[in-house]
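The chain is numbered in sequence order, starting from 1.
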Amino acid sequence: MRLERTSDDRPSLSIVAPCFNEVESLPTFVERATQACVTAGVGDFELVLVNDGSDDRTWETICELASRQSGIVGVNLARNYGHQLAASAGLSLCRGDRVLLIDADLQDPPELLAALMSRMDEGYDVVYARRRKRPQESAFKLGAASAFYRVLDALSEVRIPVEVGDFRLMTRRVVDRLNALPESDRFIRGMVAWLGGRQAELLYDREPRFAGQTGYTLAKMLRLAAAGITSFSTAPLRLAIWFAGLGALVAGGLILYILIGFLVGRTTPGWTSLALMTAFFGIGQFACMAIIGAYLGRVFVQVKGRPLFYVDEIVGSPIGSPLQATRARRAD
């Protein structure tokens with residue numbers, strides 16, 4: 001099923017939520033998101049739930065919810081592509097004049113919709129939610145996230161807000177421009193920052209996960225961090241140049257030391273200096289190769305030109321209203 005975008009059936013709001021093993025939180029998320037639309041005074045909406053290759057009953061739950069409530073669109077991806085591509089799939093299919101990107105695990109409260117809408121009414125193109133508190137998260141995760149955001153902010157050639165995830169409200173113009181960007185290895189928060197326009201923040205306290213376990217493992221977080229840094233900064237490549245320059249200085253110093261030793265008659269070879277020199281240049285070369293390899297890997301993936309994702313199935317009605325949804329729940 002293909003959802004055509006026309007001016008006649010475009011809702012005023014789309015809520016896009018990537019889902020991976022969210023069977024326990026989905027019913028509550030849909031109820032809270034629908035109520036948030038009522039509170040915000042949204043006349044019509046669509047709730048786009050993207051199943052990112054879940055291995056539990058997430059897709060079956062999405063289908064059940066879509067059959068009971070108008071305005072829910074379920075998108076089933078062919079496999080697990082990861083959070084950023086699942087979000088990209090939802091953004092490419094949604095049709096709202098405004099688009100709220102949010103996770104379905106309820107750590108980001110849907111009830112913030114009214115405040116986001118009010119802020120956007122002031123004339124902003126993007127309103128992103130900045131985390132003020134992150135309760136029940138480990139000290140390691142908080143420290144790693146803080147270090148990543150600050151390193152990214154220092155290295156990036158585009159200012160990417162600190163302590164900000166993908167939770168944000170965007171206008172249709174921004175979403176269309178975002179969908180047109182050709183990157184295959186996507187880092188949405190950085191891409192939106194690169195697009196520019198009028199952007200504002202809204203502070204909020206992040207909630208504990210409603211149910212289940214997070215899908216963001218340490219390996220996935222490291223891959224996201226690498227994607228963010230290599231997507232928006234060439235500083236690591238310049239670091240390789242600095243490594244080469246430092247290596248040349250050290251080599252020059254060693255040559256001068258050897259020549260002076262030869263001239264004054266101290267030519268006894270020592271394994272310490274040889275070992276230090278070998279270790280220094282070996283580490284420097286491997287570091288430079290790793291940095292260059294990261295960028296070459298991105299180029300390799302990009303030039304293949306493969307589709308970002310494949311959609312196996314789309315279910316549900318594209319447009320509903322909060323009033324209809326409320327009546328449907330009461331009828332059950």
Side-chain angles (χ1 to χ4, degrees), residues 11 13-40 42 44-77 80 83-84 86-87 89-91 93-94 96 98-117 129 131 134-137 165-170 188 202 204-216 314-330 332:
L13 175 71
S14 294
I15 300 178
V16 174
C19 308
F20 178 72
N21 290 349
E22 301 291 357
V23 64
E24 296 179 68
S25 62
L26 266 173
T28 303
F29 171 76
V30 168
E31 182 175 358
R32 287 176 58 179
T34 301
Q35 184 58 45
C37 291
V38 175
T39 304
V42 178
D44 57 331
F45 75 100
E46 63 176 359
L47 180 53
V48 182
L49 305 175
V50 183
N51 178 41
D52 185 27
S54 300
D55 51 22
D56 61 2
R57 296 192 71 256
T58 293
W59 176 241
E60 289 79 4
T61 302
I62 291 174
C63 292
E64 292 169 6
L65 291 168
S67 67
R68 295 203 305 263
Q69 179 173 319
S70 63
I72 294 180
V73 177
V75 180
N76 192 29
L77 299 183
N80 177 249
H83 180 273
Q84 297 294 287
L91 292 172
L93 290 169
C94 71
R98 292 180 176 183
V99 179
L100 177 69
L101 181 59
I102 184 173
D103 289 339
D105 58 11
L106 292 172
Q107 286 190 280
D108 299 327
E111 292 78 9
L112 210 61
L113 174 63
L116 291 168
M117 295 278 282
R131 300 158 183 159
R134 303 173 68 172
Q136 296 187 12
E137 292 192 8
D166 294 321
F167 183 28
R168 62 193 62 221
L169 182 67
M170 299 174 282
I188 292 174
L202 185 70
Y204 79 108
D205 296 330
R206 202 171 199 216
E207 298 178 3
R209 186 178 176 85
F210 181 81
Q213 300 295 321
T214 178
Y216 256 119
I314 299 177
V315 300
S317 57
I319 297 180
S321 72
L323 181 59
Q324 291 172 342
T326 304
R327 287 174 175 169
R329 285 201 307 274
R330 288 174 179 171
D332 289 343

Counting only N and O atoms by type, is there a donor-acceptor contact under 3.5 Å from the side chain of [X] to the main-chain atoms of [Y]?
X	Y	value
Ser25	Ala104	yes
Asn21	Thr58	no
Gln84	Ile188	yes

List the steps, then state whether side chain to side chain contact (heavy atoms under 4.5 Å, CB included) holds for Ile15 with Glu46. CA-CA 6 Å; Ile15 300 178; Glu46 63 176 359; over 6 Å; no
For residues [X] and [Y], report the shortest heavy-atom separation together with the two atoms involved.
X	Y	answer
Gly316	Ala66	CA-CB, 4.0 Å
Asp44	Pro11	OD2-CA, 3.2 Å
Leu91	Val16	N-CG1, 4.1 Å
Ala129	Leu112	CB-CD2, 4.2 Å
Val50	Ala86	CG1-O, 3.6 Å
Gly74	Ile62	CA-CG2, 3.5 Å

So [Y] and [X], do their side chains get closer than 4.5 Å, heavy atoms only?
X	Y	result
Met117	Leu113	yes
His83	Asp103	yes
Leu93	Val75	yes
Leu116	Tyr204	no
Glu22	Leu49	no
Leu47	Phe29	yes
Leu169	Leu202	no
Leu106	Pro110	yes

Could you list the residues that satisfy salt bridge (charged side-chain N to carboxylate O under 4.0 Å, His left out) with Arg168, not counting sequence neighbours?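 Per chain and number, Arg168 pairs via salt bridge (charged side-chain N to carboxylate O under 4.0 Å, His left out) with no residue.
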Not counting sequence neighbours, which residues clear salt bridge (charged side-chain N to carboxylate O under 4.0 Å, His left out) with Glu64? List them please.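 In terms of salt bridge (charged side-chain N to carboxylate O under 4.0 Å, His left out), with neighbours along the sequence ignored, Glu64 is linked to Arg57.
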Stepwise side chain to side chain contact (heavy atoms under 4.5 Å, CB included) test for Thr61 and Cys19: CA-CA 11 Å; Thr61 302; Cys19 308; over 6 Å; no
Euclidean distance, [Y] [atom2] relative to [X] [atom1], rounded to 0.5 Å:
X	Y	atom1	atom2	result
Ile102	Asp166	CD1	CG	11.5 Å
Arg131	Phe167	CZ	CZ	10.0 Å
Leu77	Trp59	CG	CH2	9.0 Å

Using side-chain hydrogen bond (donor to acceptor under 3.5 Å, both in side chains) as the criterion, list what pairs up with Asn76, not counting sequence neighbours.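 For Asn76, the residues satisfying side-chain hydrogen bond (donor to acceptor under 3.5 Å, both in side chains) (neighbours in sequence not counted) are Asn51.
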